[in-house]
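Any value given below was found using the heavy atoms of this structure, including those in side chains, with hydrogens, waters and symmetry copies removed. Here is how names work: the chains are called A, B, and so on, in the same order as the sequence lines, proteins then strands, and each is numbered from 1.
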2 protein chains.
Amino acid sequence: MVGIDDVAAAAGVSTATVSRAIRGLPRVSPATRAKILATAEDLGYVPSSAASRLATGKTRTIGVLAPYVDRWFFGKAIAGVDQELHERGYNLSLFNLGGRITPRERLFSRSMVHKQIDALLLLCMFLHPEEIDDLHAIDMPLVVVGGPVRGCSSVGIDDYLAARSITQHLIGLGHRHIALLHGSGDAELNFSVPKIRVEGFHDAVHDAELELNPDAEFFGNFTVESGVEAMRRFMELPEPRPTAIACASDEMALGVLFEARRHGVRVPEDLSVVGIDGHEMGASAGLTTVWQDPTSQARRGTQMLLAEIGGEIGAVHSETAVQRLIVRESTAPPAAF
Amino acid sequence: MVGIDDVAAAAGVSTATVSRAIRGLPRVSPATRAKILATAEDLGYVPSSAASRLATGKTRTIGVLAPYVDRWFFGKAIAGVDQELHERGYNLSLFNLGGRITPRERLFSRSMVHKQIDALLLLCMFLHPEEIDDLHAIDMPLVVVGGPVRGCSSVGIDDYLAARSITQHLIGLGHRHIALLHGSGDAELNFSVPKIRVEGFHDAVHDAELELNPDAEFFGNFTVESGVEAMRRFMELPEPRPTAIACASDEMALGVLFEARRHGVRVPEDLSVVGIDGHEMGASAGLTTVWQDPTSQARRGTQMLLAEIGGEIGAVHSETAVQRLIVRESTAPPAAF
DNA sequence: GTGAAAGCGCTAACAC
DNA sequence: GTGTTAGCGCTTTCAC
């Protein structure tokens, strides 16, 4: 395995000079640098990251902690982090909780994250209070993407506004009887996004002085399956049923769409359906939604982290991401309107 | 920052003993071990991975090279790798190509992958011939998941069989005029999966002595959007149109479903649709498909890698993963049958 | 602009 | 069962 001193010897310089030359530091004459780069090249020299990590204390690696990796938001976000990172020669170390929420014994202070990364990007997830504390205890740039976490900087859309605006869209179309399908707001866990969206729904409904039928409030877990299941329960409601259903995610809304079709419920004639997210499937299915871009949110978060690492103190801060109501074919005025 | 000798001093032993105790190596008396673990605990000691990487030459990190991270197969697979890895204290370093295929200047021999990982898991993707060569040149356990790559061990389903069996399912139902929607088989790139699936389609059709209308062969890129687009072109075919369409992925099949609905084409009455993959959306939509499980395929691949690293030579080998035809509501005998 | 040498914090012989 | 010590391969003062 060719090391730095092999290069040094071959180029007739010291290891210190090789080190500087390779890393593009100043104080190396152009001629020397060129020669070193050339010898390094044909010796096939690749610096040992382990050695330089040890010497510098920097890992040039960012950790990404994600509750899931095979769900829309998270996949998109991870792609964003990766883009930003690899452009700059950083590595991405992925920690996937795989939906596990129980035995994450002190995740953050443990070897897992500690000393293996220079900064941490947390993807919106449920956190136990003590986990949040651990999070704050690690001395490392930290940002969360996709939802607020107490005491942390985060980048993401205004979820309240998102839920509110799709509900208002429905109301604006003339719907007076609206069903809600939201994510479960397990109180024990600080997964605030579902809760915030629920508030947006509720406030929009109440502001319009409409009644909210408690039987028409369904809970899902942001998956298609839970959308299907919710629609099944929807069909058990006595007629007249709500003329619209507002879902807290596109995936759930798609489930609703699929199950509606199965029951011969026409969308939007019999039922208007809206989601939140901007999932590609939703676009193809003609789903009205509030669009957001997890990839660029994650890029933004990563940029902040990198800037902070680079010494720009205060680079990490909360930022609200763009969102946009996209009206497609799944919404229309109610039949009787 | 508390280091190994702080622990050694506090526990009144040598660093060597601390090292053994922490890593659970033998030759440490239970009493000593307990005391060391305790002091380490309350000193908040976390070993420096950089130092131990340097000393051992092992990174305890597996690299995952993926063309995409926000697509079904890849997200599922990454989740699988992660499960297997974190259970055993390994790290997952993610390299996402983000669909980029052009400027991947000698990916594998570069610092990117080199010396940063102990093994590489490659997720099924297009590879330039020289990239395959570079791949073989790196001296590191390697396995590919999700599709064959020349000269590499791989785990994945039999794509030929998958395509063949969904096509035969259609034929068995009585369809005589079948459209095909396959992934593009860019000849320049060794992304063999699309090609293999195409062959499966074709052979099944020919074996049944049916004609294949070249105009009824569409190409997509495995996305929903391309399914929508293909269905649009399908509708431009002169009647009588094919009574079924076999798609090389569920995502494309879903696109077909969405667009069919838009044109008032009833599935399966007017058109039977099949996919390949076992996407959750497909399940909810009632799509007939050949199911596969990328997560367990990736776990399997990871296990092999880990075994190989562990000294079990020959642990990495090719393996065929399970697949299963799942008949749902999107297929039925043709109307005229 | 370049070199010598002292670490960085562990691990792995080897000795006891 | 435990301690000593020499590295692992870089980076980084500090001289020159």
Side-chain angles (χ1 to χ4, degrees), chain A residues 1-40 43-61 89 91 110-111 114-118 309 311, chain B residues 1-40 43-61 89 91 111 114-118 309-311:
Chain A
M1 192 93 291
V2 31
I4 197 171
D5 12 49
D6 297 310
V7 179
V13 295
S14 74
T15 62
T17 306
V18 174
S19 179
R20 293 189 197 103
I22 298 281
R23 290 181 300 155
L25 297 185
R27 301 190 173 195
V28 180
S29 77
T32 321
R33 187 186 304 272
K35 176 192 229 154
I36 292 175
L37 259 25
T39 28
L43 256 49
Y45 169 66
V46 179
S48 150
S49 64
S52 74
R53 284 178 186 210
L54 182 56
T56 60
K58 266 79 185 61
T59 63
R60 290 194 74 81
T61 297
N91 281 115
R110 289 191 73 68
S111 52
H114 211 42
K115 287 187 182 172
Q116 310 241 62
I117 56 180
D118 295 337
I309 290 172
Chain B
M1 193 93 289
V2 30
I4 198 172
D5 12 48
D6 297 311
V7 179
V13 295
S14 74
T15 62
T17 306
V18 174
S19 179
R20 292 188 200 104
I22 298 280
R23 290 181 298 156
L25 297 184
R27 302 189 173 194
V28 181
S29 77
T32 321
R33 186 186 303 274
K35 177 191 229 156
I36 292 175
L37 258 26
T39 31
L43 258 49
Y45 169 67
V46 179
S48 150
S49 64
S52 75
R53 283 178 186 211
L54 182 55
T56 60
K58 266 77 184 61
T59 63
R60 291 192 74 79
T61 298
N91 281 116
S111 52
H114 211 42
K115 287 189 182 169
Q116 310 242 61
I117 56 179
D118 295 337
I309 290 172

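- Although no hydrogens or angles enter the test, the distance criterion places a donor-acceptor pair under 3.5 Å between the side chain of Thr56(A) and the main chain of Ser52(A).
- Donor-acceptor pairing under 3.5 Å is recorded for the side chains of Thr61(B) and Arg53(B).
- Of the candidate nucleotides dG1(C), dG3(C), dG3(D), dG3(D) has the atom nearest to the side chain of Val13(B).
- Minimum heavy-atom separation, Val28(A) to Ala21(A): CG2-N, 4.0 Å.
- Taking a 4.0 Å limit (strictly below) on heavy-atom distances, residues 28-38 of chain B reaches DNA chain D at Val28(B), Ser29(B), Thr32(B).
- When every heavy atom of Tyr45(B) is checked against every heavy atom of Ile4(B), the shortest pair comes out as CE1-N, 3.5 Å.
- Annotation: the terminal axes of the helix from dG1(C)-dC16(D) to dC16(C)-dG1(D) meet at 30°, where each axis is the rotation carrying the C1' atoms of four end pairs onto the next four (5 pairs per end, rounded to 10°).
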All N/O contacts under 3.5 Å from nucleotides 7-11 of chain C to the protein, with atom names and distances to one decimal?
{"from": "dG9(C)", "atom 1": "N2", "to": "Ala51(B)", "atom 2": "O", "distance (Å)": "3.4"}
{"from": "dC10(C)", "atom 1": "OP1", "to": "Tyr45(B)", "atom 2": "OH", "distance (Å)": "3.2"}
{"from": "dC10(C)", "atom 1": "OP2", "to": "Ile4(B)", "atom 2": "N", "distance (Å)": "2.7"}
{"from": "dC10(C)", "atom 1": "O5'", "to": "Tyr45(B)", "atom 2": "OH", "distance (Å)": "3.2"}
{"from": "dT11(C)", "atom 1": "OP2", "to": "Ser19(B)", "atom 2": "OG", "distance (Å)": "2.4"}

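- A donor-acceptor pair shorter than 3.5 Å can be found between the side chains of Asp118(B) and Thr59(B).
- One interatomic measurement links the two molecules: CD1 of Ile22(A) to C1' of dC10(D), which rounds to 12 Å at whole-angstrom precision.
- For the pairing with Ile22(B), the side chain to side chain contact (heavy atoms under 4.5 Å, CB included) check across Leu37(B), Val46(B), Thr17(B) returns one residue only, Leu37(B).
- Side-chain N/O atoms of Thr17(A) include none lying less than 4.0 angstrom from OP1 or OP2 on dT2(C).
- What you find for Ser48(A) and Ala51(A) is that their closest heavy atoms are OG-N, 3.0 Å.
- The two residues Thr15(A) and Ala8(A) come nearest to each other via the heavy atoms N-CB, 3.7 Å.
- Side-chain atoms of Thr39(B) come within 3.5 Å of backbone atoms of Lys35(B) as a donor-acceptor pair (strictly under, hydrogens ignored).
- Taking all atoms of both residues into account, the shortest heavy-atom contact from Arg33(B) to Gly24(B) is NH1-CA, 3.3 Å.
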